[in-house]
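A quick write-up on the structure given underneath.
Naming convention: chains lettered A, B, ... in sequence-line order (proteins, then strands); numbering from 1 in each chain.
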Amino acid sequence: MSSPDKMSDDGTTLVQIRDLHFSRGSKPIFSGLNIDIPRGKVTTIIGPSGTGKTTLLKMIGGQLKASQGSIHVDGLQVGKLRRAELYELRKRMGMLFQSGALLTDLSVFENVAYPLREHTDLPESLISHLVLMRLHAVGLRGARNLSPSELSGGMARRAALARALVFDPMMIMYDEPFTGQDPISMGVLLELIKTVNEALGLTSLMVSHDLKEALSISDYAVIISEGVVVEAGSPEQLESSESAWVQQFLHGQPDGPVPFQVSAPDYEEDLMGTENGNSRVGVSR
Amino acid sequence: MIDFLQRFGRTWIDMVGRLGRATLFLLHMLGALGSLFARPSLLVKQLYASGVMTLSIVLVSGLFVGMVLALQAYNTLIDFGQENRVGTLVALTLVRELGPVVTGLLFAGRAGSAMTAEIGLMKATEQLSGLEMMAVDPYKRVFAPRFLAGFLALPMLAAMFSAIGVIGGHLIGVDVLGVDASAYWSQMQNATSFYSDVGNGLIKGLVFGFVVSWIAIFEGADCIPTSEGVSSATTRTVVYSSLAILGLDFLLTAVMF
Amino acid sequence: MNSRAIDVLVGVFMLLFFGAMFILAMKVSNLTSLTSSAGYTLVAKFENVGGLKARASVAASGVKVGEVSAISYDPETFEASVTLTIDETFSDTFPTDTTASIYTAGLLGEQYIGLDPGAEIDMLQDSDEITLTQSAIVLERLIGQVLFSRSGGS
């Protein structure tokens, strides 16, 4: 592998992750992760719950530091930037959190206007224009005066999307955008992610375990499990993967390479156990 | 036994670690205070949240504490024929001790717990992460305004507590029990010095404001981002702040008076 | 709650604070008498000041005319030197043969200085010394004197 400090930039890769290691406490989350996220495409990172997908987004955003390896975003190594440089980079990234992460003490309009007010001295009329344009794009122009607590979960995510877009970022990260959505708002979000990506020509990076929906709009998908990439490619390529694990994951079969039973001592022994409740049943930590 | 020792040792290491984190957090927050010059409106908003919202409970408590003090002082002093000195006792007790201490305890319960809960919920709902990802520093926009507002609001509330307490003492001592009004005020003035009594009371208030705001904001920012974590952080804020106020009050009194 | 209402309420909060500080300064503590003491000072030497303290009042015929601003020990005369600050309105009021005495307000009250004007035509000026003084009555000494005179008489 080439030196991790240099990014082999041929212009088609926006985010390059090389040999990434990270652990929380003594539990390893990533052990040698390598991912290339193409520019201008919708990329989905999928994997079982608890594989650290959200952690990965936070590391790309520079909120967590890798213990080993590197992450380059647009040629800059995230972990080595100074604070001001990191903040400059973040202005070019949008992130959509699971809960929307709208500021609860501001109205929807003010939430979307917030990044503009923080980082620019634009006149009020221009801010109002920009905000209304974004709100219109996500269909929430009529909800501008509501407070975040009055929005449904799907609307909150759309408002957060408008906020993430207000600075015209080069890339948007979506953290589990479809969790807990009814079919209609899920359809709305899918449509929005796709059109936003096409219309604004940005790069979308999504982590999700809603496979079918996520894959339906993705150009590229990466499956991670146990800290490494298991399979990567277009949705069609994944579909025809020969790995039994990938097949089990994609089709949601209850038993297969990932066993239904959490590793436990022998069932019969456990039932007849004389250890008086001291048996070691449970998730190994 | 080994297990107990291990757990005991871990608790201590955790505590020292928390203290270290809290200190770094404080330094970072103090460093961010300068940004408030550019955004005074943030400070005003937090003065509202911590000062104005605590005002009513402080005024009501101050009035009653002053009234009780006058009643007790009168009943004791009348035996010595010194009931004219009710004012002295009420004013010195309030200005030196009860004003800052009781206000500090009320502030920790009302404003401090609210600060912790608010910041804890912002953390739990990813608002703090969201700010960071918008390239907005939560230390500048969230923590520093709350810290400065708490630091300033507490001594101000303590002054109001003392002032209304003296008026409450007047209500009971002069209007009800019949102490001579001019004796009430003149005895008080003779015994109370503006710089060494009122001034030191204000300094106590500033110290308590500093500590309570620090504890409240740190507990909020350091909490486990679940509803359970936020609630236990809120409890810790009130307990630690109250203990800190009482302990520091003893130290400050020993040094000042 | 819109930001204008918050501004107003915080303004009210500030006004209440200033009001409280005004009460604490003017009514509760002695800032008034300290600042308005643009008066003149007199010095009086006493053999014994008893329990007299700084900021004790100085009265003439029971009316407060000033206060004690400092008490120190004069190693040359072996006396206590008491500096009195007399209010400006009472300048050119006390003759040079005024007597300064230390009295006690009531049996347990605090001690104060009483001025008894004499008959001279010249008036005391700034930093003059009051030469006629009467020391504090110290209870132990009084009892001692009584006991001494009793035993001497019998």
Side-chain angles (χ1 to χ4, degrees), chain B residues 40-55 58-59 62 77 80-82 84-85 87-88 90-92 94-95 99 149 152-153 155-167 169-170 183-199 201-202, chain C residues 1-37 51-59 62-71 84-85 87 103-113:
Chain B
S41 64
L42 287 172
L43 178 64
V44 171
K45 203 168 159 192
Q46 293 311 321
L47 271 177
Y48 173 79
S50 55
V52 177
M53 298 296 274
T54 322
L55 186 60
V58 162
L59 290 185
L77 291 173
F80 304 101
Q82 293 290 313
N84 281 348
R85 296 204 174 189
T88 312
V90 170
L92 282 184
L94 281 172
V95 166
L152 295 177
M156 292 165 77
L157 288 166
M160 295 179 207
F161 184 99
S162 301
I164 197 150
V166 168
I167 293 171
H170 187 275
Y184 181 84
W185 291 118
S186 67
Q187 291 280 357
M188 191 187 290
Q189 282 180 11
N190 280 341
T192 315
S193 146
F194 183 76
Y195 294 107
S196 62
D197 293 326
V198 178
L202 281 179
Chain C
M1 178 78 58
N2 64 35
S3 65
R4 188 170 165 75
I6 289 177
D7 288 353
V8 171
L9 283 169
V10 172
V12 170
F13 181 74
M14 295 302 293
L15 284 180
L16 278 173
F17 169 65
F18 292 137
M21 285 312 291
F22 181 80
I23 291 178
L24 290 180
M26 297 306 177
K27 293 288 256 179
V28 174
S29 68
N30 52 1
L31 193 68
T32 28
S33 38
L34 216 80
T35 47
S36 71
S37 68
L52 189 74
K53 291 192 179 66
R55 297 211 324 266
S57 47
V58 177
V63 179
K64 189 177 174 186
V65 294
E67 64 176 32
V68 174
S69 49
I71 301 174
L84 314 176
T85 305
D87 204 277
Y103 295 119
T104 307
L107 196 60
L108 295 166
E110 59 185 25
Q111 290 184 304
Y112 67 97
I113 290 185

Using heavy-atom distances under 4.5 Å, tell me whether Val166(B) contacts chain C through its side chain, its backbone, both, or neither. side chain
Could you look at Ile23(C) and say if it's the side chain, the backbone, both or neither that has a heavy atom under 4.5 Å from chain B? side chain
Please round to the nearest 0.5 Å and tell me the distance separating atom CZ of Phe13(C) and atom CG of Leu157(B). 4.0 Å
Please flag which part of Val198(B) lies under 4.5 Å from any non-hydrogen atom of chain C: side chain, backbone, both or neither. side chain
CG on Leu9(C) to CE on Met53(B), rounded to 0.5 Å: 10.0 Å
Worked verdict on Val28(C) versus Ser162(B) for side-chain contact (heavy atoms from CB on, under 4.5 Å): CA-CA 10 Å; Val28(C) 174; Ser162(B) 301; over 6 Å; no
Residue Ala191(B) versus chain C: region with a heavy atom under 4.5 Å: backbone
Which atoms of Leu202(B) are under 4.5 Å from chain C, going by heavy atoms: the side chain, the backbone, both sets, or neither? side chain
Taking atom NZ of Lys27(C) and atom CE of Met188(B), what is their separation to the nearest 0.5 Å? 9.0 Å
Residue list, side chain to side chain donor-acceptor pair (under 3.5 Å) with Ser41(B), at least two apart or on another chain: none
If I measure from the heavy atoms of chain C, does Val95(B) come under 4.5 Å with its side chain, its backbone, both, or neither? side chain
Taking only residues two or more places apart in sequence, or in another chain, which ones meet Ala149(B) in a side-chain contact (heavy atoms from CB on, under 4.5 Å)? Leu43(B), Gln46(B), Leu47(B), Ser50(B)
Identify the heavy atoms of Met21(C) and Phe194(B) that sit nearest to each other, and give their distance. CE-CZ, 4.1 Å
With a 4.5 angstrom heavy-atom cut-off, is it the side chain or the backbone of Ile167(B) that approaches chain C, or both, or neither? side chain
